[in-house]
Each structure stands twice: as C-alpha cells, then as structure tokens.
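Here the structure is laid out as structure tokens; the discussion comes afterwards.
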Amino acid sequence: MPLHANETTPERAAEPVAVRPQFAQDLETGEVPKFALADDPMPAATAYQIVHDELMLDGNARLNLATFVTTWMEPEARQLMTECAEKNMIDKDEYPQTAELERRCVNILARLWHADESEEATGCSTAGSSEACMLGGLALKWRWRDRRRQQGLGVDRPNLVMGANVQVCWEKFCRYFDVEARLVDVGPEVAHLTAETAAAHCDENTIGVVAVLGSTYDGAYEPVKEICDALDSLAASGGPDVPVHVDGASGAMVAPFVDEDLEWDFRLPRVQSINTSGHKYGLVYPGVGWIVWRDASALPAELVFNVDYLGGQMPTFALNFSRPGAHVVGQYFNFLRLGRRGYTDVQAACRQTADWLAGEIAAMDEYELIPRRRGIPVFAFTTTPAAPFSVYDVSEVLRGRGWLVPAYAMPPGMEKISVLRVVVRNGFSRDLAEMLLDDLRTVTRRLGAGAAVRVADATERTAFHH
Ligand SMILES: *Cc1c(COP(=O)(O)O)cnc(C)c1O
C-alpha cells in the first residue's frame with residue numbers, strides 16, 4: 001500500500017496525527033518509500049523512528065571483530081564531535097581553530113614518528129588511510145618522474161613494489177593513477193613482504209616500496225628496517241635508489257607506544273612518508289586518516305594547492321575538497337586526553353587481551369594460530385585436521401550469537417589457507433574476550449558433533465548470561 005493512502009475511519013482521520021500512538025500513525029502503518037522520494041514530508045520524529053528501527057538489523061559494532069576501525073569513544077569526545085558536526089575541514093579561513101588543531105595533530109604525529117623536530121611538519125589529515133596512501137603514492141610517482149626526466153630517461157612505465165598482502169587501497173592507487181602494481185607473493189614461511197623479495201622486485205621504474213606496519217591478514221609488522229637495509233645495499237651496488245612509504249594504517253599508532261625500540265619510521269632515512277588511520281588505533285570514529293612526509297622536499301610542490309586562510313594562503317593536498325572537521329577535533333581530543341602514557345595503556349591492554357585470547361584458542365585441538373609475529377593486537381587462526389568443519393562454518397555460526405569474526409583466504413602464495421581473524425580494539429575487554437571464547441567453545445563442540453546450532457540454543461545462552 002503506498003504511503004499516505006491508508007484507509008482510516010472518518011473520526012480517526014479528523015484526529016491530529018501527533019496524538020496517535022507511536023507505530024499506529026499512518027506513516028508507520030504504510031509502506032516506507034525506499035528507492036524514490038515521497039511526494040510529501042513526514043514528521044522528523046517519525047522519520048527518525050523508521051530509520052532508527054531499520055538500523056537495528058545492523059550488526060553490533062562493538063562485537064564486530066572484523067573491523068580495525070574505532071567503535072568506542074569517550075562521552076566527552078562524542079560531545080565535542082557533535083558540536084563540530086557542521087564544520088567543513090576545508091574552510092580554513094572560516095574555522096581557523098579547527099585548521100590549527102589539524103596542524104597540531106600533524107606535528108604531533110611527525111614527532112611521534114621521529115621526523116626532524118626543527119621543522120614544521122609536512123602532512124595533512126585525510127578521509128582515511130586510503131586517501132592518505134593515494135597522496136603518498138602520488139608523491140612517489142611525481143618524484144620518480146622528476147628524477148627520470150632530469151636523467152633524460154623514459155617515464156611511461158612506473159611500478160610500485162609491495163607484498164600481495166597489501167590492503168586494497170594500494171591496488172586502487174595503481175589502477176587509478178596508472179602505475180604497475182608489482183605484488184610480491186607471500187609465503188611459505190611469512191605472510192608478508194620480506195627484505196629479499198622487496199629488493200628483488202625493484203628496477204629503475206620502481207617509484208617506491210610499500211612496507212606495511214600491521215598487515216591486515218595476520219597483524220604482523222613488515223620488517224621495515226630490513227627492507228630499507230636491503231634497498232640501501234641495492235643502491236650501493238649500482239642498482240636503483242628506491243624510496244619507501246610505510247603504510248602504518250594500524251601499526252603507526254601502535255608501535256610508537258608498545259614497540260618503541262622497533263625502528264620503522266623516519267629514523268630510517270629511506271622512509272619518505274607514513275600514513276595512519278586516525279580512526280583505527282588513533283581511536284577516533286571513522287573517518288580520519290593522516291599522512292606525514294619526512295620533510296617538505298619529499299612532497300613535490302606541484303601537487304600542493306593553496307586555499308584562502310586568514311586573508312593569506314594555506315597549502316592543501318587532498319583528493320576531496322569538503323571533509324568533516326569533527327574527526328580532526330576528535331583526534332586532537334584523544335591526543336590531549338591520553339598523552340603518551342594513555343595511548344600506551346590502551347594499546348598494551350589490547351595486546352594483552354589479544355595474547356590471552358590467542359593463547360586460549362591455540363590450546364584447543366581444533367585450531368592453530370597463523371604464527372604470531374611482532375605486530376598489532378590482531379591474530380588469525382585456522383582449523384586443524386581435528387576439526388570436521390571449516391573456518392567459514394565457525395564464522396557463520398558465531399554470527400548467530402552476534403559476533404562478527406570474518407573468515408577469508410590468505411594472500412596469493414598462501415591462498416590455500418583460510419583463516420578466522422580477530423582484531424582486538426579499545427573497548428574489547430577481557431570480559432568480552434571471555435564471552436567470545438565461551439561461544440567459540442560451544443560452537444566448536446556443536447559443529448564437531450555435527451549438530452546444527454539452533455537459534456533457540458543461542459537464546460537460552462543469552463538468558464543464562466544476563
Ligand atoms: C585499513 C587499512 C587501509 C585503508 O585504510 P582506511 O582508513 O580504511 O581507508 C590501508 N592499509 C592498511 C594496512 C589498513 O589496515
């Protein structure tokens with residue numbers, strides 16, 4: 001029945017809609033327009049209720065162990081972000097203080113990643129790491145082209161070297177900006193790029209190597225220092241001099257706090273730029289990302305545009321023009337609120353929970369861990385021959401309980417192995433981890449016994465727990 005066409009009794013039609021009980025109003029007993037605009041408006045409260053209720057079908061974000069993205073922020077952060085909801089990041093002249101907070105965040109990150117402290121940092125906020133990676137890749141491409149032109153060499157076949165485990169944004173960068181994606185197969189021992197495989201794939205047309213700090217497949221840090229060392233040797237022996245971009249979407253906000261001794265950042269001269277997702281271990285709701293170059297010379301001037309700012313000009317480098325200012329404000333709130341020790345506490349707690357949960361799962365006969373290396377608080381595990389079911393079965397059945405634990409195949413080179421992955425984030429407490437473990441044990445027992453897990457069973461368990 002189309003909206004507004006409900007039959008109502010004459011007396012009811014005369015009655016103001018506002019006094020009718022919720023869900024008994026015409027608009028709520030009729031069909032909701034889905035793919036075309038309705039002719040008429042409806043009360044805001046009714047629209048709110050309809051949309052709010054539809055969204056109940058979404059998974060619970062806090063139980064989403066698939067995502068790296070922040071699903072919990074403090075009430076004060078939420079309040080601040082709501083206060084800034086209408087601010088456009090690009091309006092630097094109109095919102096100079098939001099621009100100032102962005103500048104502070106860039107400088108904080110540059111110092112965290114050991115850039116030269118005597119200089120104003122070169123970098124910006126983005127919509128997320130994907131945009132940041134595009135900007136990093138473009139800078140590499142422009143610089144490679146400049147070097148080649150100066151030498152009178154061809155510039156028509158640029159390539160980018162990276163492990164087959166890279167996040168899809170790098171394949172997008174290559175396709176969108178006409179660069180050959182030189183994806184290096186992983187395995188059999190490690191599920192990511194290594195120093196040897198990286199150097200072996202570089203040639204004179206290589207614009208850069210991407211090293212991932214926190215592979216999305218198993219959480220491992222790629223060996224950035226070893227990769228840089230191998231590229232140093234390559235250059236020293238007359239080979240190409242290849243710069244490195246570190247994709248620290250997750251790890252660049254983890255390693256500085258809980259792996260301080262690890263050299264992966266601007267301490268390594270070969271590292272030209274680093275990106276991170278403010279909305280992952282930066283602890284801000286989606287979406288904000290960041291990119292920082294080691295100094296102004298690492299970012300070609302032709303890529304930078306100027307916008308009006310306080311009567312002057314301010315340089316910007318971004319794919320999108322308008323972008324939310326609230327998330328940058330949320331990032332600065334976190335920096336101010338947590339400081340170094342706060343971030344260390346948060347990341348250490350996540351690591352502790354990840355280690356504990358991984359240990360408990362590894363102790364079960366039916367599962368084994370993908371070997372854990374130094375990395376972000378993430379682990380992947382697969383089934384052993386003792387399990388008469390697949391990781392896909394486990395993922396599906398856990399979903400019935402509300403847990404979102406993705407199952408997927410490892411990257412090319414190890415694609416025969418399928419895994420389940422758990423991302424431990426701020427807000428996934430030990431208590432929640434214990435409940436996940438209980439549920440995994442139940443699911444494992446039932447799948448093992450060949451018994452279908454019925455919704456009723458899940459309901460009984462809910463009653464038991466609460
Ligand atoms: C998440 C992720 C990205 C993409 O980041 P978004 O912020 O989601 O755009 C890129 N690289 C790695 C390693 C990631 O984990």
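Indexing begins at 1, ligand by ligand and atom by atom, following the structure's order. Just so you know, residue 1 is the first one in the sequence shown, and it goes up from there.
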(request) For Ser429 and Asp431, test the side chains for any donor-to-acceptor distance below 3.5 angstrom and give the result as yes or no. (result) no

(request) Please identify each residue that fulfils ring-ring contact (aromatic ring centres under 6.0 Å, His included) with Phe266, with sequence neighbours left out. (result) none

(request) Please collect all side chain to side chain donor-acceptor pair (under 3.5 Å) contacts where either partner lies in residues 56-71, sequence neighbours excluded, each pair once. (result) Thr71-Arg425

Do any nitrogen or oxygen atoms of ligand 1 lie under 3.5 Å from a protein nitrogen or oxygen, and which ones?
| from | atom 1 | to | atom 2 | distance (Å) |
| --- | --- | --- | --- | --- |
| ligand 1 | 7 (O) | Ser129 | N | 2.7 |
| ligand 1 | 7 (O) | Ser277 | OG | 2.8 |
| ligand 1 | 7 (O) | His279 | NE2 | 2.7 |
| ligand 1 | 9 (O) | Ser129 | N | 3.4 |
| ligand 1 | 9 (O) | Ser130 | N | 2.8 |
| ligand 1 | 9 (O) | Ser130 | OG | 2.6 |
| ligand 1 | 11 (N) | Asp247 | OD1 | 3.3 |
| ligand 1 | 11 (N) | Asp247 | OD2 | 2.6 |
| ligand 1 | 15 (O) | Lys280 | NZ | 2.8 |

(request) For the residue pair Tyr343 and Phe257, categorise the inter-ring angle as parallel (less than 30°), tilted (30 to 60°) or perpendicular (more than 60°). (result) parallel

(message) Please enumerate all residues that pass ring-ring contact (aromatic ring centres under 6.0 Å, His included) together with Tyr217, with sequence neighbours excluded.
(response) Tyr408

(request) Return the orientation label for the Phe177 and Phe173 ring planes: parallel under 30°, perpendicular over 60°, tilted otherwise. (result) tilted

